[in-house]
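Reading through the structure tokens given below for one structure.
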2 protein chains.
Amino acid sequence: MSPTGRKDGEGERYRAILETAARLICERGYEGTSMQEVAAACRMTKAGLYHHIQSKEQLLAAIMSFGMDMFEQQVLVQVRDMPDALERLRECMRRNILLVTRDLSKEVTIILHEHATLHGEARDYIDGRKKRYVRFLETSFAEAVREGRIRAVDPTVAAFSFLGQVLWIYKWYRPDGRLTDEQIADGMVDLFFGGLAVAERQSAPGPRGQEPEAAPLTPVVPLFAGKP
Amino acid sequence: MSPTGRKDGEGERYRAILETAARLICERGYEGTSMQEVAAACRMTKAGLYHHIQSKEQLLAAIMSFGMDMFEQQVLVQVRDMPDALERLRECMRRNILLVTRDLSKEVTIILHEHATLHGEARDYIDGRKKRYVRFLETSFAEAVREGRIRAVDPTVAAFSFLGQVLWIYKWYRPDGRLTDEQIADGMVDLFFGGLAVAERQSAPGPRGQEPEAAPLTPVVPLFAGKP
DNA sequence: GTAGGCCAACCTACCGGTCGGTCGGTTACC
DNA sequence: GGTAACCGACCGACCGGTAGGTTGGCCTAC
């Protein structure tokens, strides 16, 4: 049994229902989507739909759980074993941004938007998985501070700033906009980790720490290709 | 008539209705709040409530418009005439964060959460006011770059990063949490404008060979056993 | 000073429609 | 002949919204 309340393995049809429902809920919101509409979009009657699911809220929980699976597989497990905390965080931000902007991820958008819709156990379960991510970020920031790779900042503030930049994107990003998702990812990683301060033109290696490749902090990123 | 569909200037009672409705909608979402509940919370019947408003959607539009008024008065007009672009942006971020965290601002929270709920003219009207703010930020960033106060970054990326950090707060901030809103405001302003790069007088990275024992991901217990 | 007019502010009762969800089948394939 | 997949018909509750009436306070007119 998976945490979504379904047997493992089977159910290509169930997957299809989840995806269809996710599309609708992503477009109209959870409360704004009726089971009638979900069933119709699945080319079924409502009774037929209820053969596969237990309730509307369990359907939402299953969608969110699937979204968390996607997120963990495409972001977390890809970066969590990187030894360098700073590089880990940069890659994490990049991957997370691209996950949000990719149009496949209606499930992720739903997780982000319907953050207070679930109740009870299902809510606790999803919140637990989210919190695990926050703790991962906090730990990584603390580690990067400890290693002297970044300034001493509060890891919680850093983690939620990171998340805010990355996750707010779902509210405004449009694939046909001026900026591509790659440009946004590059730009935000550069801004967040490179900072805004005017570069003191390298020279300064500091008193003792002369790690040659220890400072990839202010590089690159062409952008600035836009309006005033 | 303002685009929110109400004569100007009238009604202390109307204000009270807006505030009560805002409280409910903030707690349960727009679609999740019935007019019955709004009326009851105003100690009225539904018909009595409809004496004051035209429709549910117009009620939402009025709440959002009031929220935009609050925002513009407490943030925008307070900072827009500051001559120094960088200082203007710092003060703007600070004020915006405190606006979001202050419990008065259910209306602001609703604007943030229900970003795709309105339709038609009312939607255009609110979106227009939001876009003015984005343009104000972009312009200020561009100005700060031009004056050499900050590095050359894309003003759009900077503006949306700024907004993401600031506005995402509504999703996680709780007044009884570890961090006060003042600490969050100070921390985020420092992080965003101070950057993460190690200050040059500080010593550089310590011993490098150490394995970071990176961020153990504690397992989450799956739950809600399912149906068939 | 009070009779009468007026109107905002409410009410009860109700509208057609939809909500999430269920029941008792029927089909089609193993 | 068992069972997973599905359907038509239906449930009670509730949805946003309205029709039509009652109330009570204020403004005038005499």
Side-chain angles (χ1 to χ4, degrees), chain A residues 1 4-22 24-25 27-64 110 114 117-120 122-123, chain B residues 1 4-22 24-25 27-64 110 114 117-120 122-123 224 226-228:
Chain A
M1 285 296 244
T4 59
R6 270 320 274 198
K7 294 172 219 145
D8 294 320
E10 64 154 327
E12 187 180 326
R13 192 70 217 271
Y14 184 63
R15 267 295 135 73
I17 289 173
L18 285 198
E19 204 194 308
T20 303
L24 263 66
I25 292 176
E27 284 167 10
R28 309 133 115 99
Y30 174 74
E31 302 277 5
T33 307
S34 75
M35 296 304 276
Q36 194 73 256
E37 292 171 319
V38 174
C42 294
R43 274 185 281 255
M44 275 188 209
T45 61
K46 218 178 6 158
L49 172 62
Y50 270 94
H51 176 72
H52 297 275
I53 66 169
Q54 296 159 2
S55 69
K56 193 186 183 186
E57 195 161 338
Q58 178 267 327
L59 172 63
L60 177 62
I63 289 170
M64 287 191 176
I110 291 171
E114 308 286 352
T117 306
L118 285 181
H119 303 98
R123 168 80 172 267
Chain B
M1 291 283 258
T4 57
R6 193 74 201 174
K7 290 166 231 148
D8 295 319
E10 69 178 88
E12 185 181 329
R13 192 69 217 273
Y14 183 64
R15 269 292 135 74
I17 289 173
L18 285 198
E19 203 194 308
T20 303
L24 263 66
I25 292 175
E27 285 167 9
R28 310 132 115 98
Y30 173 75
E31 302 277 5
T33 307
S34 77
M35 296 305 275
Q36 193 73 258
E37 292 171 319
V38 173
C42 294
R43 276 186 277 255
M44 275 188 207
T45 60
K46 216 177 7 158
L49 172 62
Y50 270 95
H51 176 72
H52 297 276
I53 66 170
Q54 295 161 6
S55 68
K56 193 186 184 187
E57 194 161 340
Q58 177 268 327
L59 173 62
L60 177 63
I63 290 170
M64 287 191 176
I110 291 172
E114 307 286 352
T117 307
L118 284 181
H119 304 97
R123 168 78 172 269
F224 48 108
K227 183 170 167 162

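So that the names make sense, note that chain A is the first sequence line, chain B the second, and so on, each numbered from 1.
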Would you call A:Val38 and A:Leu49 a side-chain contact if the rule is heavy atoms closer than 4.5 Å? yes

Is it true that a side-chain atom of B:Gln58 and a backbone atom of B:Gln54 form a donor plus acceptor pair closer than 3.5 Å? yes

Without decimals, in angstroms, what is the distance between A:Glu31 CD and D:dC15 P? 11 Å

For B:Arg123, enumerate each residue passing the salt bridge (Lys or Arg N to Asp or Glu O under 4.0 Å) test, keeping only those at least two apart in sequence or located in another chain. B:Asp127

Sequence neighbours left out, what pairs pass salt bridge (charged side-chain N to carboxylate O under 4.0 Å, His left out) with at least one residue falling in residues 34-59 of chain B? B:Arg28-B:Glu37

Using atom CE of A:Met44 as one end and atom P of D:dA4 as the other, report the distance to the nearest whole Å. 16 Å

side-chain N/O B:Thr45 vs C:dC11 OP1/OP2, d < 4.0 Å: yes

Quantify the bending of the helix from C:dG1-D:dC30 to C:dC30-D:dG1 as the angle between its end axes, each fitted on five pairs, to 10°. 0°

Across all chains, not counting sequence neighbours, the side-chain hydrogen bond (donor to acceptor under 3.5 Å, both in side chains) partners of B:Glu19 are B:Lys106

Has A:Arg13 got a side-chain N or O lying under 4.0 Å from the OP1 or OP2 atom of D:dC6? yes

Have a look at B:Ser34 and say if it touches a base, only the backbone sugar-phosphate, or nothing, with a 4.0 Å heavy-atom cut-off. sugar-phosphate

Collect all protein-nucleotide pairs involving nucleotides 17-21 of chain D in which both atoms are nitrogen or oxygen and the distance is under 3.5 Å.
residue	atom	partner	partner atom	Å
D:dG17	OP2	B:Tyr50	OH	2.3
D:dG17	OP2	B:Lys56	N	2.8
D:dG17	O5'	B:Tyr50	OH	3.3
D:dG17	N7	B:Lys46	NZ	2.9
D:dG17	O6	B:Lys46	NZ	2.7

Could you walk me through whether A:Ile53 and A:Tyr14 pass the side-chain contact (heavy atoms from CB on, under 4.5 Å) check? CA-CA 9 Å; A:Ile53 66 169; A:Tyr14 184 63; 4.2 Å; yes

Just the rounded figure in Å: distance from C1' of C:dA9 to CD of B:Glu12. 15 Å

Verify the contact: side-chain N or O of A:His52 to OP1 or OP2 of D:dC6, cut-off strictly under 4.0 Å; return yes or no. yes

I would like to know whether A:Glu114 and A:Met64 meet side-chain contact (heavy atoms from CB on, under 4.5 Å); could you show each step before the answer? CA-CA 9 Å; A:Glu114 308 286 352; A:Met64 287 191 176; 3.6 Å; yes

Separation of A:Ile63 CD1 from A:Ile25 CD1 (nearest 0.5 Å): 4.0 Å

Taking only side-chain nitrogens and oxygens of B:His51, does any of them come within less than 4.0 Å of OP1 or OP2 of C:dA9? yes

Would one find a side-chain N or O of B:Arg43 under 4.0 angstrom from OP1 or OP2 of C:dC10? no

Residue set satisfying salt bridge (Lys or Arg N to Asp or Glu O under 4.0 Å) with A:Glu31, at least two apart, ordered chain then number -> none

To the nearest Å, how far apart are B:Leu49 CG and C:dA8 P? 17 Å

Integer-rounded Å distance: C:dC19 P and A:Tyr30 OH: 13 Å

